[in-house]
Amino acid sequence: MIMSAKVDTSLPLEYQTEQDRMNILGFWVFLGAEIVLFATLFGVYGVLYERFAGGPTHKDIFVIKDVMIQTVLLLTSSFTMGIAIFEMRRHNLKGLIIWLVITLALGAGFLFMEINEFIHYAHEGATMQTSAFLSSLFVLLGTHGAHVTLGIGWATMVIIQLLKRGLTPTTARKTFIIGLYWHFLDVVWIFIFTFVYLKGLVA
Amino acid sequence: MEHQQSKSFPISHVIGFVVSLVLTFAAAGITLKTNLSFKVIMWIIGSLAVIQAGMQLFMFMHLREGEDGKTNLVNMIYAVFMVIVIVVGSIWVLTSGHAAH
């Protein structure tokens with residue numbers, strides 16, 4: 001509140017105060033750290049991805065149709081989150097909330113698919129304990145899935161604040177930041193899709 | 001740094017979404033339907049992934065927007081550098097020479 005004296009109303013709501021601009025910049029720095037976190041998990045997977053220890057291989061467990069559904073769900077949710085922020089910038093609170101809810105529904109669909117995928121793997125005898133390949137796979141996918149789960153809870157709380165307080169520079173900044181987080185999850189998924197699933201399915 | 005309040009249609013988002021879908025299915029098609037070597041396929045689909053990620057940073061995440069746009073860009077370039085060091089470095093060190101046995 002100390003810094004809210006200077007309000008630049010020519011900017012979108014979330015950039016109007018110095019404090020909110022700093023929060024957004026700070027979140028980008030956090031995303032830089034998140035990228036490095038996922039890089040370590042991709043590095044581990046890249047080293048261990050052929051250590052099957054006699055257990056199932058990529059081609060035994062990956063189901064391309066399910067992977068494509070997961071990918072399209074998450075990609076579409078990233079798009080609808082973009083539309084939500086677009087509506088926010090038009091000061092359309094109702095549109096913003098509707099698109100946020102659609103985004104979360106798609107995110108929940110993705111999670112549902114991923115949980116089913118893990119159950120399917122366990123049925124095929126592919127668990128974290130089976131091999132180095134599967135340990136590194138589950139840690140990478142599980143960390144991403146945990147981020148999606150957290151994102152759904154976080155966005156739900158932001159929606160509650162939007163309903164209670166309406167669009168203010170503060171709620172706009174909070175919405176913009178969960179938007180950045182959500183897009184980031186899809187960016188990570190692009191690399192999981194490419195360097196885990198497609199790489200494992202090359203003929 | 002364009003401000004979109006006045007626009008009524010999110011054209012850059014729609015383009016970003018359609019191109020992302022095309023890149024996703026192109027990568028899947030190249031992987032599953034061609035007989036190229038493993039190395040060639042990985043280079044192609046790896047490049048498609050980098051293009052798609054970059055596109056989302058600029059078209060969905062407003063990377064260069066606001067007074068800190070340049071800082072964000074430098075931050076992301078540094079993050080990419082760290083990714084290359086960590087991923088390529090780990091794989092190289094642990095799958096070549098003595099570690100390979």
Side-chain angles (χ1 to χ4, degrees), chain A residues 10-15 21-22 24-25 28-29 31-36 38-40 42-50 64 67-68 71-72 75-76 78-83 85-87 89-91 176 179-180 182-184 186-188 190-191 193-195 197-203, chain B residues 1 3-10 12-14 16-17 20-21 23-25 27-28 30-36 38 41-42 45-46 48-50 52-53 56-57 59-63 65-68 71-72 75-76 78-80 82-91 93-95 99:
Chain A
S10 71
L11 294 170
L13 274 175
E14 65 273 20
Y15 287 113
R21 287 196 292 273
M22 297 295 265
I24 292 168
L25 172 64
W28 274 103
V29 175
L31 285 186
E34 285 273 275
I35 290 171
V36 171
F38 277 100
T40 63
F42 276 103
V44 171
Y45 181 80
V47 170
L48 299 175
Y49 86 108
E50 278 179 315
I64 186 66
V67 173
M68 294 309 288
T71 304
V72 171
L75 176 58
T76 308
S78 186
F79 168 67
T80 57
M81 180 57 98
I83 303 298
I85 300 301
F86 178 83
E87 290 299 333
R89 296 216 167 150
R90 297 170 69 207
H91 301 278
F176 188 76
L180 287 181
W182 197 266
H183 292 308
F184 166 74
D186 186 51
V187 171
V188 173
I190 296 169
F191 292 97
F193 173 70
T194 304
F195 291 104
Y197 291 108
L198 291 186
K199 185 183 181 188
L201 289 168
V202 173
Chain B
M1 317 306 131
H3 299 141
Q4 296 178 315
Q5 292 105 319
S6 51
K7 280 198 222 158
S8 60
F9 188 75
S12 71
H13 287 94
V14 174
F17 180 52
S20 293
L21 279 175
L23 290 173
T24 297
F25 282 93
I30 289 163
T31 304
L32 302 167
K33 307 275 189 220
T34 68
N35 292 315
L36 298 168
F38 178 75
I41 288 178
M42 287 317 296
I45 64 176
L48 293 181
V50 170
Q52 192 181 337
Q56 299 222 3
L57 279 175
M59 298 188 112
F60 289 177
M61 294 175 78
H62 315 265
L63 174 73
E65 189 179 72
E67 62 179 15
D68 297 315
T71 313
N72 288 344
N75 181 25
M76 284 300 112
Y78 179 62
V80 170
M82 290 301 289
V83 169
I84 293 168
V85 170
I86 292 167
V87 177
V88 179
S90 298
I91 294 172
V93 165
L94 292 168
T95 61

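Order of the sequence lines fixes the chain letters, A, B, ..., with proteins taken first and strands second; residue numbering starts at 1 for each chain. Source: prediction; values computed, not measured.
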Asks: Is it the backbone or the side chain of A:Y197 that comes under 4.5 Å from a heavy atom of chain B, or both, or neither?
Replies: neither

Asks: Mind listing the closest non-hydrogen atom pair of A:F184 and B:M61 along with its distance?
Replies: N-CE, 4.1 Å

Asks: State whether the side chain of B:N72 and the backbone N or O of A:W28 hold a donor-acceptor pair below 3.5 Å, judged by distance alone.
Replies: no

Asks: Need one label for B:T71: side chain, backbone, both or neither, based on atoms under 4.5 Å from any heavy atom in chain A.
Replies: side chain

Asks: With a 4.5 angstrom heavy-atom cut-off, which part of A:I85 approaches chain B: side chain, backbone, both or neither?
Replies: side chain

Asks: By a 4.5 Å heavy-atom criterion (distance strictly below it), what part of B:V85 contacts chain A: side chain, backbone, both, or neither?
Replies: neither

Asks: Could you work out, with side chain to side chain contact (heavy atoms under 4.5 Å, CB included) as the rule, every residue matching A:V36, not counting sequence neighbours?
Replies: B:M82, B:I86

Asks: Kindly determine whether A:I35 and B:M76 satisfy side-chain contact (heavy atoms from CB on, under 4.5 Å), including the steps that lead there.
Replies: CA-CA 9 Å; A:I35 290 171; B:M76 284 300 112; 3.7 Å; yes

Asks: Look up atom NE2 in A:H183 and atom CE in B:M59, then write down how far apart they are to the nearest 0.5 Å.
Replies: 12.5 Å

Asks: Evaluate A:L180 against B:H62 for side-chain contact (heavy atoms from CB on, under 4.5 Å), listing each step before the verdict.
Replies: CA-CA 9 Å; A:L180 287 181; B:H62 315 265; 5.7 Å; no

Asks: If I measure from the heavy atoms of chain A, does B:I30 come under 4.5 Å with its side chain, its backbone, both, or neither?
Replies: neither

Asks: Supply the atom-to-atom distance B:Q52 CD to A:D186 CG, rounded to the nearest 0.5 angstrom.
Replies: 7.0 Å

Asks: So do the side chains of B:L48 and A:T194 get within less than 4.5 Å of each other, counting heavy atoms only?
Replies: no

Asks: If you take all heavy atoms of A:G32 and B:N75, which pair is closest and at what distance?
Replies: CA-OD1, 4.4 Å

Asks: Select, from A:V187, A:I190, A:V47, the one with the greatest count of heavy-atom pairs under 4.5 Å involving chain B.
Replies: A:I190

Asks: So for B:V50, is it side chain, backbone, both, or neither that comes closer than 4.5 Å to the heavy atoms of chain A?
Replies: both

Asks: For the candidates A:V188, A:I24, A:T76, which exhibits the highest count of non-hydrogen atom pairs separated by less than 4.5 Å from chain B?
Replies: A:T76

Asks: Mind checking side chain to side chain contact (heavy atoms under 4.5 Å, CB included) for A:F195 and listing every partner two or more places apart, or none if nothing turns up?
Replies: A:F191, B:M42

Asks: Could you tell me which non-hydrogen atom of A:A39 sits nearest to which non-hydrogen atom of B:V87, and how far apart they are?
Replies: O-CG2, 3.4 Å

Asks: Could you please spell out the steps behind the side-chain contact (heavy atoms from CB on, under 4.5 Å) verdict for A:L75 and B:Q56?
Replies: CA-CA 10 Å; A:L75 176 58; B:Q56 299 222 3; 3.2 Å; yes

Asks: Parallel, tilted or perpendicular, judged at 30° and 60°: which one describes the rings of A:F79 and B:F17?
Replies: parallel

